[in-house]
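Residue numbering restarts at 1 for every chain, and letters A, B, ... go by the order of the sequence lines. Any value given below was found using the heavy atoms of this structure, including those in side chains, with hydrogens, waters and symmetry copies removed.
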2 protein chains.
Amino acid sequence: MKISSRFTVAVHILALLSIENEAHCTSEWIAGSVNTNPVVVRRVIGQLKKAELVQVRPGTGGAFLTKDIKEITLLDIYRAVDVVEEGELFQMHEHPNPQCPVGANIQAVLEVILRRAQAAMEHVLKEVRLYDVVHILAEKIESSRS
Amino acid sequence: MKISSRFTVAVHILALLSIENEAHCTSEWIAGSVNTNPVVVRRVIGQLKKAELVQVRPGTGGAFLTKDIKEITLLDIYRAVDVVEEGELFQMHEHPNPQCPVGANIQAVLEVILRRAQAAMEHVLKEVRLYDVVHILAEKIESSRS
DNA sequence: CTTGTTGTAACTGATTTGGTTACATCGCTG
DNA sequence: CAGCGATGTAACCAAATCAGTTACAACAAG
């Protein structure tokens with residue numbers, strides 16, 4: 001089971017908006033970079049708009065960032081695209097037998113541990129800013145140009 | 001997107017085998033505690049067998065642990081049930097445009113970061129032994145008995 | 001030989017995902 | 001003011017995955 005590519009696509013889009021900030025970034029153009037369908041891009045951008053990370057010029061089109069890339073963490077993006085419910089990365093089996101001592105208590109025990117595991121993962125995302133991604137990306141682009 | 005309940009079910013099963021180690025633990029009996037179908041239990045036990053965490057008495061049936069519960073970590077169980085491929089918790093979108101500088105490089109940049117995030121999560125699982133789960137569980141059972 | 005259990009295959013319905021078509025809406029521009 | 005290009009959204013689809021279920025051959029013990 002994998003976390004939906006919506007998340008990595010969203011990071012791709014935002015990095016693109018940052019690096020190509022002069023361009024007219026239409027959904028079709030972005031879709032060309034991601035290699036997907038423009039509607040998929042618009043759906044993701046819709047979620048990023050709700051999270052107030054981007055705006056779209058009405059009528060003429062084209063998306064752009066609304067925040068400093070130092071102010072956006074990967075966790076913000078991850079939350080924006082709603083790819084994992086808060087505290088529910090791990091699925092529990094519903095209704096274990098309350099008559100069984102193990103069944104009655106296992107969920108509570110696991111919940112604490114698994115939330116901690118999920119939090120550790122999300123903590124890493126929180127520590128990485130879009131700025132860092134763009135920065136590393138720009139370095140790679142620069143060095144591959146030579 | 002959630003990680004399959006196979007994992008939490010597997011932990012439930014192993015904790016049960018440890019706590020009720022005198023009982024004749026058939027798949028049907030275990031299914032009664034988990035509240036699922038015996039075949040689901042057998043499937044999970046099949047994976048736990050491959051990982052050499054349990055054995056099943058042939059013919060007469062009944063599963064039992066083959067290791068000390070201090071020697072089994074939640075990560076071992078998580079790997080046994082094969083619920084997330086190694087290093088692939090996050091799905092990337094295939095074939096971003098190599099002509100686009102961002103498309104050509106974004107994957108490599110993200111991979112490093114996302115592997116780190118996944119590793120952080122799995123590290124927490126590695127630090128928790130089945131022993132710890134059983135221990136907390138036994139405490140809860142004891143206190144709820146009063 | 002009968003009984004109880006396992007291992008496995010096969011099928012199901014539900015859910016999610018990503019892709020696609022279609023279309024109303026809205027600014028810009030000629 | 002009419003046409004063009006872009007957006008937002010609904011609707012539908014195929015593929016994948018899950019968990020549940022039925023069915024059955026194999027096996028050990030009594």
#### Entry: Close residues, residues 35-52 of chain A, relative to DNA chain C [heavy-atom separation under 4.0 Å]
T36(A), N37(A), V39(A), V40(A), R43(A)
#### Entry: Neighbours of DNA chain C within residues 2-14 of chain A, by heavy-atom distance under 4.0 Å
S4(A), S5(A), R6(A)
[atom1]-[atom2] distance between [X] and [Y], expressed to the nearest 0.5 angstrom:
X: I19(B); Y: I69(B); atom1: CD1; atom2: CD1; result: 8.0 Å
X: L89(A); Y: K2(B); atom1: CG; atom2: NZ; result: 10.0 Å
X: I136(A); Y: E139(A); atom1: CD1; atom2: CD; result: 7.0 Å
X: C25(B); Y: E20(B); atom1: SG; atom2: CD; result: 7.0 Å

### Query
Is G61(A) touching bases, backbone alone, or none of the nucleic acid, heavy atoms closer than 4.0 Å?
sugar-phosphate
### Task
Please list all pairs passing the salt bridge (charged side-chain N to carboxylate O under 4.0 Å, His left out) test where one or both residues lie in residues 69-81 of chain A, with sequence neighbours left out.
R79(A)-E86(A), R79(A)-E122(A)
### Query
Are the side chains of C100(B) and L16(A) in touch, meaning some heavy atoms are under 4.5 Å apart?
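Touching, per the 4.5 Å side-chain cut-off.
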### Message
Under the criterion side chain to side chain contact (heavy atoms under 4.5 Å, CB included), I'd like the reasoning laid out for M1(B) against V83(A): C-alpha separation, chi angles, the key distance, then a yes or no.
### Response
CA-CA 6 Å; M1(B) 191 38 62; V83(A) 83; 5.7 Å; no
Length of the [atom1]-[atom2] vector between [X] and [N], whole Å:
X: Q91(A); N: dT16(C); atom1: CD; atom2: C1'; value: 12 Å
X: I30(B); N: dG7(C); atom1: CD1; atom2: C1'; value: 14 Å
X: F64(B); N: dT6(C); atom1: CZ; atom2: P; value: 12 Å

#### Entry: Non-neighbouring partners of R116(B) that pass side chain to side chain donor-acceptor pair (under 3.5 Å), sequence neighbours left out
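For R116(B) there are no side chain to side chain donor-acceptor pair (under 3.5 Å) partners, ignoring immediate neighbours.
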### Message
I'd like to know if the side chain of T8(A) reaches the main chain of S5(A), judged simply by a donor and an acceptor atom lying under 3.5 Å from each other, with no hydrogens or angles considered.
### Response
yes
### Query
On DNA chain D, which is the earliest and which the latest nucleotide, 5' to 3', with an atom closer than 4.0 Å to a heavy atom of chain A?
dG5(D) to dG20(D)
### Task
Would you please confirm or rule out a distance under 4.0 Å between OP1 or OP2 of dG19(C) and any side-chain N or O of H93(B)?
yes
Could you list the donor-acceptor pairs under 3.5 angstrom formed between side-chain atoms of residues 46-64 of chain B and any protein atom two or more places apart in sequence or on another chain?
residue: Q47(B); atom: OE1; partner: R6(B); partner atom: NE; Å: 3.4
residue: Q47(B); atom: NE2; partner: V81(B); partner atom: O; Å: 3.4

### Query
Parallel, tilted or perpendicular: which fits the ring planes of F7(B) and F90(A), with parallel below 30° and perpendicular above 60°?
tilted
